[in-house]
Amino acid sequence: MIPAEDLQCLKAIALQGGCKGPVFVSSQTIGDLLAISQQTASRRLKGLESQGFITRTIAADGQHVTVTRNGEAELRNEYQEYCRIFSASNKAYVLSAQWSAGLARENIT
């Protein structure tokens, strides 16, 4: 499981467009977005890279960062957990089916 601080940083990159392709960010920009120091932001980016959640290409004035498939999977997992938290509980679903050889009805709750 990804630490909450890293997940917050990964989400910030994704919100900048990092799931669609490389985005140009600086450690200072990430730090400002997350209300953390530039040094802490730099450590988080390095940590995300070492865990395989992002790829980085370093430039003189910042870096191009892309969320990897593993990073996107972590974000999707977090999304699914929030969906479970905020969905109405105790919902029952009925699945009905008919076959062309005759009428057969199957109910699943």
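Positions are given from 1, in the same order as the sequence printed here.
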Side chains of [X] and [Y]: does their closest heavy-atom pair fall under 4.5 Å?
X: Val67; Y: Leu10; answer: yes
X: Arg84; Y: Gln80; answer: no
X: Gln39; Y: Ser27; answer: no
X: Cys9; Y: Leu33; answer: no
X: Lys11; Y: Glu78; answer: no
X: His64; Y: Arg56; answer: no
X: Phe53; Y: Glu74; answer: yes
X: Ile13; Y: Thr66; answer: no

*Verify, without hydrogens or angle tests, whether Ser42 (side chain) and Gln38 (backbone) share a donor-acceptor contact under 3.5 angstrom.*
no
_Any side-chain to backbone donor/acceptor pair from Gln51 onto Gly47? Under 3.5 Å, distance only._
yes
*Quick one: do Glu49 and Thr55 satisfy side-chain contact (heavy atoms from CB on, under 4.5 Å)? Show the steps, please.*
CA-CA 6 Å; Glu49 183 180 34; Thr55 58; 5.7 Å; no
*Candidate pair Thr29 and Gln16, rule side-chain contact (heavy atoms from CB on, under 4.5 Å), full reasoning*: CA-CA 11 Å; Thr29 302; Gln16 298 293 317; 5.9 Å; no
Once rounded to the nearest 0.5 Å, what's the spacing between atom [atom1] of [X] and atom [atom2] of [Y]?
X: Leu48; Y: Asp6; atom1: CG; atom2: CG; result: 4.5 Å
X: Cys19; Y: Arg76; atom1: SG; atom2: CZ; result: 8.0 Å
X: Glu5; Y: Arg43; atom1: CD; atom2: CZ; result: 11.5 Å

How close do [X] and [Y] get, heavy atom to heavy atom, and via which atoms?
X: Ala41; Y: Ile30; result: CB-CG2, 3.9 Å
X: Ile54; Y: Leu45; result: CD1-O, 3.5 Å
X: Ala59; Y: Phe24; result: CB-CE1, 4.4 Å
X: Ala14; Y: Leu75; result: CB-CD1, 3.7 Å

